[in-house]
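Just so we're on the same page: letters track the sequence lines, and every chain starts at 1. Every heavy atom of this structure was used, including side-chain atoms; hydrogens, water molecules and symmetry mates were not.
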Amino acid sequence: MTDLPIYNPAEIEPKWQRKWDGDGLYHADIDPSMPKHYALTMLPYPSGELHIGHWYAMTPSDARARFMRMRGYNVMFPMGFDAFGLPAENAAIRRRIHPKEWTYANIQRMRGQLKSMGAMFDWRREAISADPKYYRWSQWFFTQLRKHGLAYRKMSPVDWCPNCNTTLAREQVWGDDRHCERCGTPVIKKDLEQWFFRTTQYAEELLDFSNIDWPERVQALQTNWIGRSNGSTVYFQTETQDRLEIFTTRPDTLWGATFMVLAPEHPLVEKITSPEKSGVVEQYIQQALRQTDIQREATDKEKSGVFTGGYAINPVNGERIPVWVADYVLMTYGTGAIMGVPAHDQRDFEFARKYGLEVRVVIQPEDIPTLDGATMPESVPAYGTMVNSGQLSGTPGDIAFEQAVAYLQERGLGKAAVNYRLRDWLISRQRYWGAPIPIIYCPEHGAVDVPDEQLPVLLPDDVEWLPTGESPLKLHPTWKLTTCPVCGKAAERETDTMDTFMCSSWYHLRYLSPDYGPAPFDPNEYDYWMPVDTYTGGIEHATMHLIYTRFFHKACRDMGVVKGDEPMSQLRNQGIVLGEDSEKMSKSRGNVVSPDDLVGRYGADTVRAYLMFFARWDMGGPWNSSGIEGSVRWLRRIWNLFTDEVGKSTAEASTLRVLRRKVHQALSQITHDFETFEFNTIVSGLMELSNHLSRARELGAAGSAEWDEAVDIYLRMMAPVTPHIAEELWDLRGKPYSIHNQPWPEVDQEAALEEQITLVVQINGKVRDRVQVPADIGEEAAKQAALNTQAVHKYLEGRLPKKVILVPGKLVNIVE
RNA sequence: GCCGGAGUGGCGGAACAGGCAGACGCGCACGACUCAAAAUCGUGUUCCCUCGGGAGUGUGGGUUCGAUUCCCACCUUCGGCACCA
């Protein structure tokens, strides 16, 4: 017995991590002679613990980045921390520890955990959004957006979390009960002066995904979120001689409008309401406004409303129709006013039936019986021939929309219009732990930008934490006192900070040059590295971060700060790792899987391999603690297989030919799967090949040139998945450091070709036999071989087949 | 209600420009090694069966010589949106 080293990840993993780190192996620097690849994975929030979800997101991303590196790309794979945010403040209040201290302690701990992954992060490029050298530029971007009219301040009803004491963006309000994303408390409405970014200005462009390779799923979610509606604006006139604009997606039903409805907040309500109705209307509005959005927006709620006593004139037929107020019309969409066409809209129908308003049919779809407004049990929203519609009567359904719009436009009664569900992005937060909004309020000059040379507006460290929930910046005795940059007189700072999504909208740019002073990023770095080639992260950011960062990039493009239309060329999302009970992991359920424990027990390589293997990456799924044993055994076997003593090869030539064939076939498959992010079949392909290698070894293959080639290729293929063991085995075989600097092996197509193939013999589409034939067999010979099989003889009993179908290289189907 | 995924052995999953269903792994069973166990190695493992076969990829149809893969209609489930005019 010789002293063969045993596989001990606890020893080799830290050893190689230190060596790689010391050598700067993964440093990515501009090199115009090489094609670049910017691989980016979503940065974590420094909550304190790296959990298995981070590993699940990051290790395959790392493996892919490593693969690209071996393929000859100059790969940058940076990491950082999205370090501002509410949890730090909650910790501050609960544990009487400063958010900064809490955050940076967590960062330090998580940086260590991240390093235990053995990922190829270039830590020189680390960016932390809570660093003044970072948020100085978050503030600069805000100023730029304001200068270009893309940031504005407005008094508006906002979603307010009474527990967090702050506003929330629409995206941060979740669920049927409209609760706070962070703490789960139902939100309330509050009127506040708030800062907004004009995301709506980019609504149309954000719908265009034609130049980026993003998952259909994300495209669908974003498209849905932006909510484009094609229709037209129609100008009604009230009897008080006011213009009342409405938006409709069905201008072809205009002749069927039998009433109008205004949102309770609509500015014309007061004026249009007749004196005798004002009491009832006033009462209704008060009650509507008191309701929460949850009550008001519940779809199953019975519609309610009141008649204002006012009338408007339908511009297409001059009819006088009553104007109502109802809370099913929202001030925040369209113009806050609608025409009611009960025959062809279900909401209007329910309203009309309840209040006895006329239901008039103006659309008659061809395939259903003639409609009668008085008796129809529900609305008919389908397109169809226009009827009772003046000179447009008879217009067929397929052109009714365009004809109606044309009719309105010719007469100046309306125009084609598009509406979006997307709202402007509310970025004000009444919190301390965020980037201060760089604005100064002067009694004389109003809201004034903090001049660039005064940036950053630093967060004061000496703040008091009172359990009022009020932002400590408001309570600070002196911080907000300053002077107006325009007139120099006493003025006050804005005490709100920015939504952290603002900071994370451009972190990929800060990675380019995290210490750069003159600008948010070094333009040379930008020109070389951008755009991000592959972006990976969770699907849950589809309608938040991933819309914000696209908006941000487009806005920056229009401000002349960046180039190109999109920040990230390719996006891939991973799924979620659930607990073993198939439920979402949570501390209270006690089903949390700790990556640190797993690494301690099995080593990082095993955890990496299992995370890539156990599920389709984009699907995720429940954790299985016994399943990881498969990865443990695989790596142990590989270790033993490649460290075992090698004598002289005793294998036959055919064994070695088969060995080469299997190796190159696996290489071809694994290369393909790396390209397409199919990580689970990368690992299964490696496992399968290791089974072939074991067999070949038993047949005496070790010691041959073919065996050496097999091991060499094998180690390179596993290097992106399990970087430590690959490096160690590479080293043990006396190969030059580092395996991670080796090129990806080339497939020898000839070696991968099969010599013999198994031709499947089907009779009437059912498999009846198989026959071994040379791979290059001709058509006739293949058919003959199939017809000569026992099964076919037995089946046909001398009869002639009706048809013989050959799928070259695969099968012969004999049809009787 | 609308939009988008997903339904394959006991389990995770593989195969789909239509062509051997169940690769790979977990689990399980049996065997080897061991005094014994663990570990390891080997063999088997979709179901039914009268051992000839038969059925089988959520359900029901269709196209085809041939369908897990394509088409139509459903069912279940997960995610998103939702009184959006």
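A/Lys802 comes within 4.0 angstrom of no nucleic acid atom, judged by non-hydrogen atoms across all strands. Within the nucleic acid shown, A/Leu221 comes within 4.0 Å of sugar-phosphate atoms alone, with no base atom in reach, counting heavy atoms only. A/Val815 comes within 4.0 angstrom of sugar-phosphate atoms only, judged by non-hydrogen atoms across all strands, and of no base. Using a 4.0 Å heavy-atom cutoff across all strands shown, A/Arg770 reaches at least one base atom of the nucleic acid. Residue contacts for A/Glu540: at a heavy-atom cut-off of 4.0 Å it reaches no nucleic acid atom on any strand shown. Within the 4.0 angstrom heavy-atom criterion, only backbone atoms of the sugar-phosphate kind lie near A/Arg768; the bases stay farther away. Within the nucleic acid shown, A/Asn691 comes within 4.0 Å of sugar-phosphate atoms alone, with no base atom in reach, counting heavy atoms only. Counting any heavy atom pair closer than 4.0 Å across all strands shown, A/Gly621 reaches no nucleic acid atom. Base engagement by A/Phe613 is indicated by at least one non-hydrogen atom pair under 4.0 Å involving a base atom. Residue A/Val767 is in sugar-phosphate contact alone, with no base atom involved, counting any heavy-atom pair closer than 4.0 Å across all strands shown.
Anti is the classification of B/G56, since its glycosidic angle lies more than 90° from 0. Glycosidic conformation of B/G9 is syn; the angle stays within 90° of 0.
Between A/Ser229 and B/A85 there is a side-chain polar atom (N or O) within less than 4.0 angstrom of OP1 or OP2. For A/Lys766, a side-chain nitrogen or oxygen approaches OP1 or OP2 of B/A55 to under 4.0 Å.
Judged by distance alone, with hydrogens and angles left aside, the side-chain atoms of A/Ser379 form a donor-acceptor pair with the main-chain N or O of A/Gln346 at under 3.5 Å. Side chain of A/Asn813 to backbone of A/Gly765: a donor-acceptor contact under 3.5 angstrom is found. Although no hydrogens or angles enter the test, the distance criterion places a donor-acceptor pair under 3.5 Å between the side chain of A/Thr308 and the main chain of A/Val323. Checking side-chain atoms of A/Thr59 against main-chain N and O of A/Tyr56 turns up no donor-acceptor pair under 3.5 Å.
Around atom CD1 of A/Ile757, more than 12 heavy atoms belonging to other residues, nucleotides or ligands sit under 6.0 Å away.
Comparing B/G9 with B/G60, their P atoms are spaced 15 Å from each other, to the whole Å. Across B/U57 and B/G13, the matching C1' atoms stand 13 Å from one another, rounded to whole Å. Using P as the reference atom, B/G53 and B/G62 are 29 Å apart when rounded to the nearest Å. Atom C1' of B/G10 sits at a distance of 35 Å from the matching atom of B/U64, rounded to the whole Å. Distance check on atom P: B/U50 versus B/G44 gives 24 Å, rounded to whole Å. When the P atom is compared between B/C20 and B/A15, the two are found 13 Å apart, to the nearest whole Å. Going from the C1' atom of B/G12 to that of B/G27 covers 11 Å, rounded to whole Å. Nucleotides B/G18 and B/G54, compared at atom C1', are 25 Å apart to the nearest Å.
In terms of position along RNA chain B, the nucleotide closest to A/Met619 lies nearer the 5' end than the nucleotide closest to the other residue of the pair A/Met619 and A/Thr335. Ranked by how close their nearest RNA chain B nucleotide is to the 5' end, A/Thr681 and A/Gly227 are led by A/Thr681.
Side chain of A/Leu330, nearest nucleotide from B/G12, B/C24, B/A85: B/A85. For A/Arg633, the listed nucleotide lying nearest its side chain is B/U40; candidates were B/A82, B/U40, B/C3. Distances from the side chain of A/Ala220 to the nucleotides B/A85, B/C3, B/C65 place B/C3 closest. Listed nucleotides: B/G4, B/G66, B/C83. Nearest to the side chain of A/Arg217: B/G4. Across B/G12, B/C81, B/C83, the shortest atom-to-atom separation from the side chain of A/Lys303 is found for B/C83. Closest approach to the A/Gln762 side chain among B/A23, B/G4, B/G19 is made by B/G19 (side chain taken as heavy atoms from C-beta onward). Checked against B/C26, B/C20, B/G19, the side chain of A/Ile805 finds its nearest nucleotide in B/G19.
Checked against a 6.0 Å centroid threshold, the rings of A/Trp324 and A/Phe351 count as neighbours. Residues A/Tyr355 and A/Phe307 place their aromatic rings such that the two centres sit no closer than 6.0 Å.
In the interface, the side chain of A/Asn224 is not paired with the base of B/C81 through any donor and acceptor atom under 3.5 Å apart. If you check distances only, the side chain of A/Lys803 never reaches the base of B/C65 with a donor-acceptor pair under 3.5 Å.
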Requested in this report: Test A/Ser229 against A/Tyr333 for side-chain hydrogen bond (donor to acceptor under 3.5 Å, both in side chains), laying out the working first.
Outcome: CA-CA 11 Å; A/Ser229 288; A/Tyr333 183 81; 3.3 Å; yes
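Of the inter-residue distances, the one linking A/Asp618 atom CG with A/Ile576 atom CD1 reads 12.5 Å to the nearest 0.5 angstrom.
Taking atom CD1 of A/Ile763 as the reference point, atom C1' of B/G53 lies 14 Å away to the nearest angstrom. Remark: P of B/A17 and NE2 of A/His672 are 10 Å apart, rounded to the nearest angstrom. For A/Gln346 and B/A82, the CD to C1' distance is 15 Å, given to the nearest whole Å. If you take CG of A/Asn680 and P of B/U8, they are 16 Å apart, rounded to a whole angstrom. When rounded to the nearest whole Å, the span between CZ of A/Arg636 and P of B/G25 equals 15 Å. Taking atom CD1 of A/Ile814 as the reference point, atom P of B/G19 lies 19 Å away to the nearest angstrom. The nearest whole Å value for the distance from the CD atom in A/Gln574 to the P atom in B/G5 is 19 Å. Note: CG (A/Leu641) to C1' (B/U40) measures 15 Å, nearest angstrom.
When the options A/Ile682, A/Asn680, A/Val683 are evaluated for a side chain to side chain contact (heavy atoms under 4.5 Å, CB included) with A/Asp673, the one that passes is A/Ile682.
Under the 30°/60° scheme for interplanar angles, the aromatic rings of A/Tyr610 and A/Phe613 are found to be tilted.
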Query raised in the report: Would you write out the dot-bracket form of RNA chain B, 5' to 3', with Watson-Crick and G-U pairs under 3.5 Å, [ ] for crossing pairs, | for pairs to other strands and . for unpaired bases?
Result: (((((((..(((......[....)))((((((.......))))))(((....)))..(((((..]....))))))))))))....
